[in-house]
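Here's the structure we're looking at; comments come further down.
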Amino acid sequence: MIESIYRDLAEDVIVQYTSLLQDWTPQEATIAIAVENNYVYYAPQQVDIQISIGQSIAPTSIAQLVYESGRKVEQTIDNPYGSGSYHGIGYPITVREKKGVLLIVLPSRKKEKPLYFITGRNEDEWQPIPIEEVSFFESLNKKNWCYQQNELFQISLTMKDLANRLPEYFIRIHRSYIINIRNISKITRDFASNLLIVMKDGKQLPVSQSYVTDLRKALEF
């Protein structure tokens, strides 16, 4: 009976968040879902953190931190069940009006070679662009773009590649945007009180709720 309840809850979550899981989780990602204080779904892949259905959330775990704060939590943790460490990302979710957590676990990777310039394409021309001159990167219509002094260039790197290789003065604020902090003019709010970044060139970029905590921490506000 209890297992049936957990299974029903898990199916509700998978249906509700299927788009997110398909768009954002690589094949090697381990996925765990907890509702209230118990795990209702677990699909281990490359990193097995040995969760069982019905198991309670551990007091110091990422899931517990998300559950208590109601915010995204991201940490690299030593794996007690294997060698090395893993990278865990927890997201607050709601299932049948109950608080829950979506946990994504990935193998910890060494930071890739940093970018000092990026090659952008404009029609039939390619231009090497120093990274510090890029205002922001955008993912749009399954293509990635960089903006430099009001010029738009198509690039070959994915947003994931950029996030791993850009200097620390770049920060992701949305699934579609990575910005150069040095090119921020101001931070304000839109009509719905969501954070909005105004760049020095006047462009306004929304901050996704998933990245608000990271932005506040980086800019200390």
Practice task
Compare all side-chain heavy atoms of Lys72 with those of Glu74 and state whether any distance is below 4.5 angstrom.
Solution key: yes
Problem - Path from Met159 to Val207 over hydrophobic side-chain contacts below 4.5 Å - result: no
Practice task
Flag the pair Leu102 / Tyr41 as yes when at least one side-chain heavy-atom distance between them is below 4.5 Å, and no otherwise.
Solution key: no
Exercise for the section: List for me each residue that meets ring-ring contact (aromatic ring centres under 6.0 Å, His included) alongside Phe170, sequence neighbours excluded, and say none if there are none. Expected result: Phe137
Handout entry: Close side-chain approach of Ser135 to Met199, heavy-atom, < 4.5 Å
Key = yes
Fill in the blank from the handout: d(Ser139 OG, Ile155 CD1) to nearest 0.5 Å is 9.0 Å
Handout entry: Check: Lys160 and Asn164 side chains under 4.5 Å, non-hydrogen atoms
Key = yes
Handout entry: Phe117 atom CZ, over 12 foreign heavy atoms within 6.0 Å
Key = no
Practice task
Could you tell me whether the side chain of Ile33 reaches within less than 4.5 Å of the side chain of Tyr39, counting heavy atoms only?
Solution key: no
Handout entry: Close side-chain approach of Val73 to Thr213, heavy-atom, < 4.5 Å
Key = no
Handout entry: Verify same cluster id: Ile173, Ile178 (apolar side-chain graph, 4.5 Å)
Key = no
Handout entry: Results of salt bridge (Lys or Arg N to Asp or Glu O under 4.0 Å) for Lys203 - residues two or more places apart only
Key = Asp201
Handout entry: Transitive ILVMFWY side-chain link Ile179 to Ile131, under 4.5 Å
Key = no
Problem - Ser61 side-chain N/O to Gln64 backbone N/O, donor-acceptor pair under 3.5 Å - result: yes
Fill in the blank from the handout: Heavy atoms of Gly120 and Phe153 approach each other most closely as CA-CB, 3.7 Å
Handout entry: Between Gln75 and His87: side-chain donor-acceptor atoms closer than 3.5 Å
Key = no
Problem - Closest contact, heavy atoms only, Asn38 versus Ser56 - result: ND2-OG, 3.5 Å
Handout entry: From CD1 (Ile104) to CD (Gln45), nearest 0.5 Å
Key = 12.5 Å
Handout entry: Closest heavy-atom pair and its distance - Val101, Ala63
Key = CG2-O, 3.5 Å
Problem - NZ-CD distance between Lys200 and Gln149, expressed to the nearest 0.5 angstrom - result: 11.5 Å
Exercise for the section: Spell out, yes or no, whether Leu205 and Leu219 are grouped together once hydrophobic residues are joined by side-chain heavy atoms under 4.5 Å, including indirect joins. Expected result: yes
Problem - Exercise: do Gln148 and Glu133 side chains pair donor with acceptor under 3.5 Å - result: yes
Exercise for the section: Please check if the side chain of Lys99 supplies one atom and the backbone of Ile93 the other of a donor-acceptor pair under 3.5 Å. Expected result: no
Exercise for the section: Working to the nearest 0.5 Å, report the span between CG of Asp161 and OG of Ser156. Expected result: 8.5 Å
Practice task
For Gly70 and Pro92, work out which heavy atoms get closest and say how close.
Solution key: O-CG, 3.3 Å
Problem - Evaluation steps, side chain to side chain contact (heavy atoms under 4.5 Å, CB included), between Leu162 and Ile118 - result: CA-CA 10 Å; Leu162 291 169; Ile118 191 164; 3.9 Å; yes
Handout entry: Residue list, side chain to side chain donor-acceptor pair (under 3.5 Å) with Ser52, at least two apart or on another chain
Key = Gln55
Exercise for the section: With side chain to side chain contact (heavy atoms under 4.5 Å, CB included) as the test, would you mind laying out the steps for Asn144 and Thr158 before giving the verdict? Expected result: CA-CA 7 Å; Asn144 295 323; Thr158 66; 4.3 Å; yes
Completion exercise
Ala29 and Leu106 have their tightest heavy-atom pair at CB-CD2, 3.5 Å
Exercise for the section: Any chance you could measure Gln154, atom CD, to Asn122, atom CG, to the nearest 0.5 Å? Expected result: 10.0 Å
Exercise for the section: Determine whether Thr30 and Leu103 make a side-chain contact, defined as any pair of heavy atoms from C-beta on separated by less than 4.5 Å. Expected result: no
Problem - Common cluster, Val66/Ile49, ILVMFWY with side-chain heavy-atom separation under 4.5 Å - result: yes
Problem - Distance-minimising heavy-atom pair for Ile51 and Ala32 - result: CD1-CB, 4.0 Å
Practice task
Kindly state each residue pair satisfying ring-ring contact (aromatic ring centres under 6.0 Å, His included) with at least one member in residues 45-64, sequence neighbours excluded.
Solution key: none
Exercise for the section: Could you grab the distance from atom CH2 of Trp145 to atom CG of Leu140, nearest 0.5 Å is fine? Expected result: 7.5 Å
Using atom types as modelled, flag every donor-acceptor pair under 3.5 Å from a side chain in residues 180-192 to any protein atom, sequence neighbours excluded.
from: Asn180; atom 1: OD1; to: Arg182; atom 2: N; distance (Å): 2.9
from: Asn180; atom 1: ND2; to: Glu132; atom 2: O; distance (Å): 3.4
from: Asn180; atom 1: ND2; to: Val134; atom 2: O; distance (Å): 3.0
from: Arg189; atom 1: NH1; to: Ser193; atom 2: O; distance (Å): 2.6
from: Asp190; atom 1: OD1; to: Ala192; atom 2: N; distance (Å): 2.9
from: Asp190; atom 1: OD1; to: Ser193; atom 2: N; distance (Å): 3.0
from: Asp190; atom 1: OD1; to: Asn194; atom 2: N; distance (Å): 2.8

Practice task
Report yes or no: do Asp48 and Tyr42 form a side-chain donor-acceptor pair below 3.5 Å?
Solution key: yes
Handout entry: Sequence-distant partners of Glu138, side chain to side chain donor-acceptor pair (under 3.5 Å), two or more places apart
Key = Tyr147, Tyr177
